[in-house]
Amino acid sequence: MPVIGCECRVCRSLDYRDKRLRVSVHLEVNGKSLIIDSGPDFRQQMLRERIKRVDALLFTHEHKDHTAGLDDIRAFNFMQHLDMPLYADPRVLRQLQQEFSYIFTNSTYPGVPRVELHAIGNKAFEVEGIPVLPITVMHHKLPVFGFRIGDFTYITDANYIAPEEKEKIKGSKVLVINALRKEPHISHFSFGEALDLVKEINPEKAFFTHISHLLGLHREVEEEMPPHIRLAYDGLSFTL
Ligand SMILES: [Zn+2]
Ligand SMILES: [Zn+2]
Ligand SMILES: [Zn+2]
């Protein structure tokens, strides 16, 4: 992600793949539309991808780069006449209730986002009839959810995954995993750690996400990677 005020090669790059917004993913499964995380760029991402319908939002954890855009679900409330279902750990739901207190205290005021809270734990659940398997991963000391939906596993903000949680990922065709930078980091996998993890899990294809400007230019970094592991970029889409 480019950093405000930074003049490094990545932040000045003209390659669209280096112009990263905060991480999020849009899934279309059985005619349903799901989003994982609504960071500060949520509005811009919904506009860019022309998303017209969202059936539910899932949250990995409460950090602002994953939640700050929640207010903009108002457009979907309005278009779909629904209270947006939010799925998250109870700890994350409590944090959302604090940080977006106006949503929960002024719920009769027109124009305030309307939400429906669903607490999830570390066991399989369904969203709109779609089976979702949460995977608890560690983000330094904070437990965070990754999600497996069919053969797709999405894990952001992790630097440790316990063996029993790794077992849940195995067999995925596509794994998305965070790789922040080359240097080790206290709460994110480094590039080398992410490569090792992909080797261990052995999916058909893997994408690195949550990439810092410190990782390097998209074009140059990909040259160092095996062909089945790629760097994700904004707007990347694929079908499983
Ligand atoms: Zn930079
Ligand atoms: Zn985080
Ligand atoms: Zn993050």
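As the structure lists them, so they are numbered: ligands from 1, and atoms in each ligand from 1.
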Path from M84 to I35 over hydrophobic side-chain contacts below 4.5 Å: yes

Candidates D41, D65, D157 - the one meeting salt bridge (Lys or Arg N to Asp or Glu O under 4.0 Å) with R22: D41

SG (C6) to the Zn ion (ligand 1) to SG (C11) angle, given to the nearest 10 degrees: 110°

Pair R94 + E62, salt bridge at N-O below 4.0 Å: no

Which N, O or S atom of D65 lies nearest to the Zn ion (ligand 3), by name: OD2

Which N, O or S atom of H213 lies nearest to the Zn ion (ligand 1), by name: ND1

Heteroatom test (N, O or S) for H66 near the Zn ion (ligand 2), limit 2.8 Å: no

Residues D37, F59; criterion side chain to side chain contact (heavy atoms under 4.5 Å, CB included); working and verdict: CA-CA 5 Å; D37 290 336; F59 288 98; 3.8 Å; yes

Side-chain donor-acceptor pair present, E49, Q45, cut-off under 3.5 Å: no

Step-by-step side chain to side chain contact (heavy atoms under 4.5 Å, CB included) determination, L117 to V115: CA-CA 6 Å; L117 303 182; V115 300; 4.0 Å; yes

Name of the H63 atom (N/O/S only) found closest to the Zn ion (ligand 2): ND1

NE2 (H61) - the Zn ion (ligand 2) - NE2 (H139) angle, nearest 10°: 110°

Name of whichever N/O/S atom of D157 is nearest to the Zn ion (ligand 3): OD2

